[in-house]
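Each chain gets a letter, A, B and so on, in the order its sequence line appears, and its residues count up from 1. The figures here come from the full heavy-atom set of this structure, side chains too, leaving out hydrogens, waters and symmetry mates.
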Amino acid sequence: MNRYNPLAIESKWQKIWEDSEAFKADEASDKPKKFLAEMFPYPSGAGLHVGHVRNFTIVDVLARYYAQKGFNVLRPFGYDTFGLPAENYAIKTGVSPKVATDTNVKNFRNQLKKLGYAIDWSREINTSSPEYYKWTQWCFLQLYKKGLAYQKESYQWWCPVDQTVLANEQVENGHCWRCGSEVEKKKMKQWFFKITAYADELLECVDELDWPEKIKVMQKNWIGRSEGAEIDFETDAGKITVFTTRPDTIYGATFLVLAPEHPLIRELTTENTKEAVEEYCRAAIKKSEIERQESKEKTGVFTGAYAVNPATKEKIPVWVADYVLMGYGTGAIMAVPAGDERDREFAEKFDLPVVEITKTPEKPFGTPKTTYRMRDWLISRQRYWGCPIPIAYDKDGNPHPIPEDQLPVMIPEVDDFKPDNSGHSALAKATDWLKVEIDGEEMTRETDTLDGYACSSWYLWRYASPHDAAHAWHPEAVKYWEPLDVYCGGDHAVAHLLYIRFWCKFFADEGKLPFREPIVKLLYNGYINAPDGKKMSKSKGNVIDPLDVINDGYGADTLRTYEMFIGPYDQDAAWNPRSVGGVYRFLNRCWTLVFEKEIEKKSKNLNLLHKTIKKVTEDIERAAFNTAISTLMEFVNELYKTGASEEDLVTLAKLLKPFAPHLASEMLEQLRADDAWPTYDEEQLVEELVEVVVQVNGKLRAKLAVPVEDLEDEEKVTEMALSDGNVRKFAAEPKKTIYVKKAKLLNIVA
RNA sequence: GGCCGGGUGGCGGAAUUGGUAUACGCGUUCGACUUAAAAUCGAAUGGGUCUCCCAUACGGGUUCAAGUCCCGUCCCGGCUACCA
């Protein structure tokens, strides 16, 4: 007897698909289009994990479903290859990041092919390839030209011994992770993208997105718009401008508080408070924002200066405290201890006056002002393995853009990737590369690279024309394919998904994109945890390798179908090896029906067949993949009981194909059928005898088999119900009846 | 602290618009096949004092009818965390 042999079937079909370029999207087509993508992965040395498989399979199910429905489907793939792991690996082993990345990409590609994904391989992209990052640099220059890429002094962690900038996570308890010396905050010039220029539009458009509510709320909170006013307070050293959302509470403002970084502090401080203020500010600035917020215990110091409350004309003291942040509003607040909990705490601790707000000004004080929590996007990275910023500096240190015809600015080859005392990335070691001539003037290149999020802020548009040497994206190609219909991922709820929206709006304003939102629908999938319910991690030794599942004999179809069956796609789920076996049994039963069992002449249950088509179609449309599969299981269970006709089996194979494409292809080949998505016949959904549930006082007491033509006749149904012995027992004296035809339910109130 | 999810059998989960709670799968038990086992096939499977009653975290409420809606409480997870 033959057996279902997934590995043989799968390699057969994978070869057929590869040879025929089965998933190549049509360049131009009259067919309606669907463009689907996952959040492209960072290809780590460990290869695919089960979380990737869940994410990519969701996209694959939809891509195959829409292709079967006759859409022109674009389902490309790419790799987000810049990043710290490759650089650290290079430091450790001396293998260049490029070589390591190429190896990892190759491995990923092979693994993706083993999963049978319907990827258009002619559109593969890789953010660290010069053909790609040339255009990342071009994007930077477009933003630069419009003043949306700019330099600003900003405080950075600095190790005075190693003479290098440190990332937040490289600072441990205020000490350098390498040498242990106490770190400093140093003002350094950094590049920023002015995302705040689009704050309002980014906020307002959120509501219209077909995205999970959770993500929309997170984006709104991140942008954090507050309406309020700026109010000036006069002091001997000049005016202090504060931002408040409650200008109406000004009669209760009994003191001012400045952030420790506030520029007016020096002038405000009097002789006798100078030492204390300076020490407080020095200590506060040194702390990270995280450390500052760790303790809610209020600290602060009096400057010795007073300001005049413009409403009460009273003199109120000016304090410095680290609960006021320089980066928000004006870095100064008017404290209203009677109205604000934080101000009250501060007032209580330092014995400052608390005045009840008895009056509100008739004409609001100050100038109306809107502020945002969101800050501009810091994009400078002192790292080697990233996209070089296409800027050079003249002798006076002024930045100049690299002319577009000189792009890409290639990553220079270096032997030593280790950070050193220069405070620059390893790019600074490429001495020949550093020198560049622009308009006859000798200049020095920028040695910082771009935040990796810049590379992923435009890749969805590159997919439309991935090999275009003349454009970042071809205008006609994006017009046809974009915006992306479905995006699927389980990470980057704010950063990436906000940055790509920002670039979309910018390039729309530039006339380069004919839409203002890049992603129509977002599916945000949950994590897959280890069988013990904990996060999978190498150190815990509880990692499930998807390739092991395939090679153990289950095959890719079982793996894919299992990960879709594991639970609702947007919830976390724990891996269950036994359930994998259950899904394998199901596929085995499908195979057996076609290859081992006698095929009936006629379908025994057309009603069930058409119901199954309807349910599976609707479930895929609403991304309820787990119930789509359970519907197919019920169908197969029924076919085992009644026998299966050719029509039953062709339909089963077609409905199964998005989940288990290899097996379904094998079944369809055997049945000599195409894979066109089946449609259901409304008439076949109607049953001759309809089950009507009879309740008495809401409790189930009987089930009636009512001829479909009598379903409209409430009187007749009621009569049937009351002739039932059990119903009569509980409803000897019916008071009234409620007949819900849609629910096929009769409730008798007795 | 704030916001957002969630709590249903031994387990993962289903119930889409307030209308038969526990679909489907796992596990377990029994049976068939087999010398035997595996695989496969079939049957049963929330609990109980079992014509009926009780169960969707807990306590109330609305309704002819509540897992679903409302009020309160508890627990778990995620995000966020002095943003004036």
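In this structure, the nucleotide among B/C41, B/G25, B/G13 sitting nearest to the side chain of A/P568 is B/G13. Across B/C79, B/U16, B/C24, the shortest atom-to-atom separation from the side chain of A/D619 is found for B/U16. Side-chain proximity of A/K641 to the nucleotides B/G19, B/A43, B/C24 is greatest for B/A43. Side-chain proximity of A/S630 to B/C24, B/C52, B/G19: nearest is B/C24. Of the candidate nucleotides B/A84, B/G42, B/G13, B/G42 has the atom lying nearest to any side-chain atom of A/R589. Each of B/C26, B/U16, B/G13 was ranked by its minimum atom distance to the side chain of A/N626; first place goes to B/G13. Which of B/A15, B/G27, B/C3 sits closest to the side chain of A/R622 comes down to B/A15.
Within 4.0 Å (heavy atoms only), A/F565 reaches at least one base atom of the nucleic acid. A/E213 comes within 4.0 angstrom of no nucleic acid atom, judged by non-hydrogen atoms across all strands. Residue A/I566 is classed as a sugar-phosphate contact, given heavy-atom separations below 4.0 Å to backbone atoms only. At the heavy-atom level, A/K597 lies nowhere under 4.0 Å from the strands shown. If you check every strand for non-hydrogen atoms under 4.0 Å, A/K744 touches nothing. Across all strands, A/S226 comes closer than 4.0 Å only to sugar-phosphate atoms, never to a base (heavy-atom distances). In this structure, A/F730 reaches the sugar-phosphate backbone alone: every heavy-atom distance under 4.0 Å involves primed, P, OP1 or OP2 atoms, never a base. At a threshold of 4.0 angstrom between heavy atoms, the contacts of A/V749 are confined to the sugar-phosphate backbone, with no base atom among them. Looking at heavy-atom distances under 4.0 Å, A/N221 makes no contact with the nucleic acid at all. Within 4.0 Å (heavy atoms only), A/Q695 reaches at least one base atom of the nucleic acid. Base engagement by A/R373 is indicated by at least one non-hydrogen atom pair under 4.0 Å involving a base atom. Residue contacts for A/R701: at a heavy-atom cut-off of 4.0 Å it reaches the sugar-phosphate backbone alone, with no base atom in range. Using a 4.0 Å heavy-atom distance criterion, A/G582 is classed as a sugar-phosphate-only contact.
For the P atom pair drawn from B/U51 and B/U40, the interatomic distance equals 38 Å after rounding to whole Å.
Between A/Y453 and A/H496, the ring planes are parallel. Angles under 30° get that label, and only those over 60° would be called perpendicular. Taking the six-membered ring where tryptophan is involved, the planes of A/Y328 and A/F243 are perpendicular, since the angle between them exceeds 60° and thus also 30°. Ring geometry for A/F346 versus A/Y323: interplanar angle of 30 to 60°, hence tilted.
Going from atom NZ of A/K742 over to atom P of B/G19 covers 9 Å, rounded to whole Å. Whole-Å rounding puts the A/I215 CD1 to B/G78 C1' distance at 11 Å. What separates CG of A/L704 from P of B/U20 is a distance of 15 Å, to the nearest Å. Atoms NZ (A/K735) and C1' (B/A65) sit 15 Å apart, rounded to a whole Å. Rounding to whole angstrom units, CG of residue A/L745 and P of B/G19 are separated by 10 Å. The nearest whole Å value for the distance from the NZ atom in A/K615 to the P atom in B/A14 is 10 Å.
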Writing each nucleotide of RNA chain B 5' to 3' as (, ), [, ], | or . by Watson-Crick or G-U pairing under 3.5 Å yields (((((((..(((......[....)))((((((.......))))))(((...)))..(((((..]....))))))))))))....
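No N or O donor and acceptor, one from the side chain of A/K699 and one from the base of B/U20, sit under 3.5 Å apart.
Looking at residues two or more places apart in sequence or on another chain, you find a ring-ring contact (aromatic ring centres under 6.0 Å, His included) between A/Y65 and A/W677.
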Notebook entry, point to check: After noting the C-alpha distance and the side-chain angles of A/V616 and A/F635, does the key distance pass the side-chain contact (heavy atoms from CB on, under 4.5 Å) rule?
Noted result: CA-CA 11 Å; A/V616 172; A/F635 185 48; over 6 Å; no
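With respect to A/E691 and A/K744, no salt bridge is recorded, no charged nitrogen being found less than 4.0 Å from a carboxylate O.
Atoms CE and CD1, on A/M374 and A/I223 in that order, are 5.0 Å from each other to the nearest 0.5 Å.
Between B/U63 and A/N747, no contact under 4.0 Å exists linking OP1 or OP2 to a side-chain N or O. Not one side-chain nitrogen or oxygen of A/R585 sits closer than 4.0 Å to the OP1 or OP2 atom of B/C24. For B/C41, one of the phosphate oxygens OP1 or OP2 lies less than 4.0 angstrom from a side-chain nitrogen or oxygen of A/Y640.
Other residues, nucleotides and ligands contribute at most 12 non-hydrogen atoms within 6.0 Å of the NZ atom of A/K239.
Geometric assessment of A/R54 against the ring of A/Y569 yields a negative cation-pi assignment under the 6.0 Å and 45° thresholds.
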